[in-house]
Every structure is written in C-alpha cells, then in structure tokens.
Trainee: 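My questions will all concern the structure given below.
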Amino acid sequence: MSSLSVGGTALPRLQGGVDHDTTPLGVEIRERVAAVSTGRQDVGMERRETGPGNARPVVVRVPVDPVEAVVEADAADAAKRLADVAVRGPLFGVAKQDEGAGPGWSVVLALTDGCPQLARDNLNSTLWFRAKDDARDRAERRELLAAVARLETERVDELTVAGTRYRIVRAEEYAATGPDGIEEPRPTDPEPAVPDWTRSSRHPDIDAGVVLDPEAPVTPMQAAERLALRAFSYAGTRFPDAVVADSRRALETHPDVLLLPATFTVVEKTASGWKPVSGPHVSAHAARLSLDFALTWAWPRMHGLISFEDATADARTLTAAGFSGPGAEELAAYVEAADKLRAGLVNRLEFDGSVYVIGRTRRLVRWGPDGPEGPRPTDTNSQVPSRIHPPLDEDGNILPEDDEGQREEAD
C-alpha cells in the first residue's frame, strides 16, 4: 500500500486503499492545540522540534467572532474523532506575486489539476486571453504572447510577465479518517439556505480570492494543523526511491506548511478503501449536485440505458413520463437514489451495492524562502506542451494559421 509519513510513521493513501491503523496526526494536532492554547505559540518553531528546514514562526490569533469561534470548536471536535489520514496525491494550480506586494501569493487558477502540465496549459489560456482582450498596449501584448509561446513549447514552472511572477504551485490533497471512514462535511461548513438542484446552478470558484501568506495570523486549530503537518512526507515501498527522496528534500527546501480552503469530493467505499468518484468541489452541496448528475444523467448513459445522442433526457424525466421500455426498472432505481440524495443534507448514500460519501478533502502547500513549492522533478505529466489557441497579432487580432507561417518566414 502506498503511504505518506508524519514524523516517520506511515499514513495510508486514498487512491489504492485506506486502512485504519492509528497514525499520530490527530494526537499531534491535539497536542499542538494544547500548546498554543496555553500561550506557547512558538511551539514547534525550533529546528530540534520540527526537524526540517528553518521554519518561520506561526502567528496565532484568538477567534473573537462568534461564528469563527464555533468553526474553531468544530475543528477541535474533528481532531478528537479523526486520528488517521488518507492521502490522494498532488494537485497543481497557479499563483501570482505582483511586484512589491510582499510575501503573499494570490491564487490565480485553483489548485485542482491532476498534473503540472494541466496547470501550465491553463496559465497559457489565461495569458492568451489577457493578451487578446486586456493588454494595455502593444508592448504588454508582445510580452504576454512571448510567455504564451514559451508555454506552448516548454515545461515552464515560473515566469514573469509585465512585473508579475506566475508560478505553478503544488499542493498535497488529503482527508481525515476515523472509525466511520472518511470525514464528511462539518456542521459549520457552508450550506445553501435553499438547495438549488438545477444543472445550470452556479457556484463560487474553488480558491477564489485566496492569498497564500505565511505571515497572516491564523486560529489555534489552523496553527496546530500546520505545525502537525510540517513533517508530512512520502514513505512506503510502493513509492520509487526518487519520489521518496524528492518528498524528503521538500522538508528542507520548503519547511513551512500553508492550508488551502477545504473542498468536497464524492468518494466510493471499496474493498480496499475509498475511491474518488469526482474531482474536488467548492461546497458539499456542489459535490452532492455532481452525484445527482451522475445518478440521473451520466451513469444511465454509461450503462447503455439512455443514448448519448439524446442530450436532454435523463432518468428522472423518462421515469416521470412513464417510460416502460428496456431498462425502465434500472432508471427508476437511479431516480430513487437521487431522490434520497435530495431529501436533506445527505452525505452518505447506498446504491446498487456501493456506498457513496461526500468526503471533506483538504490541501496543503509547502512553503520555502522564495514562496510556495512548485512541481517536483518526479511529478508526472499526462501530456506535452502544445499550442492551445490560434496566434494573435500585436493588436490582438486572431491570425489564420497560414498567415502566421508567412509572417514567420518574412521575419
């Protein structure tokens, strides 16, 4: 089984199986909370305690807002109930640092991509559209297009454009687990007053407005989790030696840990652990909506019950219309499961011999003297750099492919 380690103890990996051997993370967090609460805010700051690198102090503030205090108590309860960790692996996104803006980095593209090249391609598109629609003049457009050209041919993990540094940032996705399985949404996680189940409903973007700032004050529970995860690294025989070495090296080069907002993922209980069914979502309701879509639209098509050529029909509309053809009973079962999901704040659903759970997933970013960690040499890419958009001229006009070839020959 693949695993990570905290303080030298192996932790289970989400994809490929999760066992429930107790790991020290829950205990570690509770001990850190106790230390912070008694005024020892600098606990874990010394190298002899944290081990890796020269970690910076964590500034702790006392929650004074009543809502924030309840959230803090909720997090403390979770630390008591959930002692284990399941790890899915790295995710990638893009952050930027404007010139003279201080140590903080603003998240530009959510840290949800499964490989570094997907994040590079998304940065490619972001800069291309900025060149097309928002460049202030020809000089800025040329600079933007030069960056796009590099991203089309190189695995670029950092570049500076018009005074702004862009970096491909690496995060580690994990979830807390306990006797009842993977952590589900907490009572204080945001929920809509009136759930909107329409497929066209809009949700905030993941990581919208997030600024990664190691100097920003955090609550005692946030500080405790950050301190407990500083020694978080890959371990286990299933990881290649180079991957383990990269992970351990990161403890020295990027000794600090910052936490991103929680996300929510549909996972399925399997014989060996928990298998992700969806990608991360910004809220528990958004994850439920994706499961509802799978039950009523995607899975019936995958099992041949509805034709892919019919984009409008789903299990609910066909059942409501009295459909009695082949597969009618199976479609009705899908609708029954989806109706149970809509009955309230449902986070666990049994259907067709499987258990589906809305899992509360978390992400950490390692931080070093020069900011957030980028991709590691052993992180894999699913594709090569390539052109994504058509060429532009200096005025932002789209050029036909043959025109660009003639222009290059002329140059």
Side-chain angles (χ1 to χ4, degrees), residues 90-101 104-171 200 202-212 260 263 279-282 363 365 370-376 379-411:
L91 295 173
F92 302 87
V94 179
K96 71 173 183 177
Q97 184 184 51
D98 293 320
E99 189 174 8
W105 289 69
S106 302
V107 176
V108 179
L109 298 168
L111 278 72
T112 56
D113 291 325
C115 81
Q117 190 56 45
L118 290 175
R120 296 185 195 107
D121 288 347
N122 288 332
L123 177 58
N124 181 330
S125 288
T126 298
L127 297 180
W128 186 89
F129 278 107
R130 181 177 164 189
K132 178 178 177 293
D133 301 325
D134 299 322
R136 291 171 294 184
D137 50 40
R138 284 185 170 184
E140 183 176 273
R141 185 172 289 111
R142 281 195 296 268
E143 192 171 354
L144 289 164
L145 293 177
V148 169
R150 287 192 63 194
L151 288 163
E152 290 175 344
T153 58
E154 304 175 36
R155 296 197 189 280
V156 182
D157 291 331
E158 180 170 332
L159 44 77
T160 300
V161 184
T164 298
R165 295 173 71 189
Y166 293 90
R167 179 177 295 176
I168 308 302
V169 177
R170 184 188 199 275
S200 59
R202 304 286 296 177
H203 304 276
D205 293 332
I206 295 176
D207 296 337
V210 169
V211 177
L212 300 170
L260 290 166
T263 53
H281 297 274
V282 71
R363 297 163 297 154
V365 173
D370 193 37
E373 182 186 18
R376 298 172 185 172
D379 289 327
T380 58
N381 290 281
S382 61
Q383 59 209 59
V384 298
S386 62
R387 170 172 289 174
I388 300 173
H389 300 285
L392 298 174
D393 65 16
E394 290 187 337
D395 295 314
N397 301 309
I398 295 176
L399 293 171
E401 297 287 342
D402 55 347
D403 283 3
E404 189 210 16
Q406 293 173 9
R407 183 165 58 86
E408 289 179 349
E409 290 178 4
D411 293 341

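Nothing here was measured: the structure is a model prediction, and the numbers come from that model.
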Trainee: Just by modelled atom types, is the Glu394 backbone N or O under 3.5 Å from a matching donor or acceptor in the Arg141 side chain?
Mentor: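 Yes: the side chain of Arg141 pairs with the backbone of Glu394.
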
Trainee: I need the Arg170 CZ to Leu91 CG distance, nearest 0.5 Å.
Mentor: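 Answer for the CZ-CG pair, Arg170 versus Leu91, is 9.5 Å.
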
Trainee: Using modelled atom types only, decide if a donor and an acceptor are shared between the side chain of Arg150 and the backbone of Val156 within a distance under 3.5 Å.
Mentor: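 Side chain of Arg150 to backbone of Val156, a donor-acceptor pair under 3.5 Å: no, none is there.
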
Trainee: Tell me, do Thr126 and Lys96 make a side-chain contact under 4.5 Å, heavy atoms counted?
Mentor: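 Of all side-chain heavy-atom pairs linking Lys96 with Thr126, none is under 4.5 Å.
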
Trainee: Please identify which of these residues, Thr263, Leu111, Val282, Leu212, meets the side-chain contact (heavy atoms from CB on, under 4.5 Å) condition with Asp207.
Mentor: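 Single side-chain contact (heavy atoms from CB on, under 4.5 Å) partner of Asp207 among Thr263, Leu111, Val282, Leu212: Leu111.
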
Trainee: For the atom pair CG (Leu127) and OH (Tyr166), what is the distance rounded to the nearest 0.5 Å?
Mentor: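 Rounded to the nearest 0.5 Å, the CG-OH separation comes to 5.5 Å.
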
Trainee: Output yes when Asp379 and Arg155 qualify as a salt bridge under the 4.0 Å nitrogen-oxygen rule, no when they do not.
Mentor: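 No, Asp379 and Arg155 are not salt-bridged.
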
Trainee: Please name all residues satisfying ring pair (Phe, Tyr, Trp, His ring centres under 6.0 Å) with His203, sequence neighbours left out, ordered by chain then number.
Mentor: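 Checked His203 against ring pair (Phe, Tyr, Trp, His ring centres under 6.0 Å); zero matches.
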
Trainee: Under 6.0 Å from the CD atom of Glu99, do we count more than 12 heavy atoms belonging to anything else shown?
Mentor: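 Atom CD in Glu99 is not packed in, count stays at 12 or less.
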
Trainee: Looking only at heavy atoms, which two atoms of Ala135 and Leu144 are closest? And how far apart?
Mentor: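 In this case the closest contact between Ala135 and Leu144 is CB-CD1, 4.2 Å.
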
Trainee: Taking Asn122 for the side chain and Leu118 for the main chain, is one N or O donor matched with an acceptor at less than 3.5 Å?
Mentor: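 Present.
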
Trainee: I need the Leu109 CG to Arg120 CZ distance, nearest 0.5 Å.
Mentor: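 Going from the CG atom of Leu109 to the CZ atom of Arg120 covers 13.5 Å.
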
Trainee: Quick one: are His389 and Ile398 in side-chain contact, heavy atoms under 4.5 Å?
Mentor: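 A side-chain contact under 4.5 Å is absent here.
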
Trainee: Locate the shortest heavy-atom distance separating Val211 from Gly104; write the atom from each residue and the value.
Mentor: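 That would be CG1-CA, 4.4 Å.
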
Trainee: Measure from the side-chain N and O atoms of Asp393 to the backbone N and O of Asp395, and report whether any donor-acceptor pair falls under 3.5 Å.
Mentor: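 It does hold such a pair.
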
Trainee: What distance do Leu123 atom CG and Arg130 atom CZ have between them, rounded to the nearest 0.5 Å?
Mentor: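 Here the rounded value is 10.5 Å.
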
Trainee: If I take atom OG from residue Ser386 and atom CD from residue Glu152, how far apart are they, to the nearest 0.5 angstrom?
Mentor: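 Answer rounded to 0.5 Å: 8.0 Å.
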
Trainee: Looking only at atom types and distance, does a side-chain atom of Glu143 sit under 3.5 Å from a main-chain N or O of Ala162, one as donor and one as acceptor?
Mentor: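 Yes; at least one donor-acceptor contact below 3.5 Å.
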
Trainee: Dump the intermediate steps for side-chain contact (heavy atoms from CB on, under 4.5 Å) on Ile206 and Arg363, then the final yes or no.
Mentor: CA-CA 12 Å; Ile206 295 176; Arg363 297 163 297 154; 3.9 Å; yes

Trainee: To the nearest 0.5 Å, what is the distance between CG on Asp121 and SG on Cys115?
Mentor: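 Asp121 atom CG to Cys115 atom SG measures 8.0 Å (nearest 0.5 Å).
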
Trainee: Side-chain contact, heavy-atom cut-off 4.5 Å: Ile168 with Val94?
Mentor: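 A side-chain contact under 4.5 Å exists here.
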
